[in-house]
Amino acid sequence: MGPLVRLAFPQPLTGQSVLNAAQRAFLRALLANWHPRMPFDEDLCRTLLLT
């Protein structure tokens, strides 16, 4: 995982994670530029943005 992702999300994301506005913006940017080799759970990210 890249250093910016580790900085933005110091704890692993789970279904119970509560995101702040900056983390939500970061996730939206990751999803907008998603690549199959990126090491994150796209479905979990989308679920977290809906909560």
Side-chain angles (χ1 to χ4, degrees):
M1 191 179 311
L4 292 177
V5 174
R6 281 193 300 272
L7 182 62
F9 305 101
Q11 301 298 321
L13 293 176
T14 70
Q16 289 76 41
S17 295
V18 177
L19 306 177
N20 62 41
Q23 289 172 318
R24 289 179 177 281
F26 194 90
L27 274 187
R28 281 193 291 278
L30 282 177
L31 289 171
N33 296 289
W34 184 78
H35 186 277
R37 294 188 322 203
M38 287 181 147
F40 68 93
D41 184 335
E42 182 182 8
D43 292 331
L44 174 60
C45 292
R46 291 187 190 288
T47 298
L48 289 172
L49 288 173
L50 293 175
T51 60

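Computation of the quantities below employed the complete heavy-atom set of this structure, encompassing side-chain atoms and omitting hydrogens, waters and symmetry-equivalent molecules.
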J.: When rounded to the nearest 0.5 angstrom, what distance separates CG in L30 from CZ in F9?
T.: 6.5 Å
J.: Under the rule for side chain to side chain contact (heavy atoms under 4.5 Å, CB included), what residues qualify as partners of D43, not counting sequence neighbours?
T.: D41
J.: Might you point out which heavy atoms bring L48 and G15 nearest each other, and give the distance in Å?
T.: CD2-O, 4.1 Å
J.: Distance check, rounded to the nearest 0.5 Å: L4 atom CG versus F26 atom CZ?
T.: 5.5 Å
J.: Which pair of heavy atoms, one from P12 and one from S17, lies closest together, and at what distance?
T.: O-OG, 4.0 Å
J.: For the atom pair CG (L13) and OG1 (T47), what is the distance rounded to the nearest 0.5 Å?
T.: 11.5 Å
J.: Considering non-hydrogen atoms only, spot the tightest contact between N20 and A22 and give its length.
T.: OD1-N, 3.0 Å
J.: Report the residues that fulfil salt bridge (charged side-chain N to carboxylate O under 4.0 Å, His left out) with R46, sequence neighbours left out, ordered by chain and then residue number.
T.: E42
J.: With sequence neighbours excluded, tell me which residues meet side-chain hydrogen bond (donor to acceptor under 3.5 Å, both in side chains) with R28.
T.: none
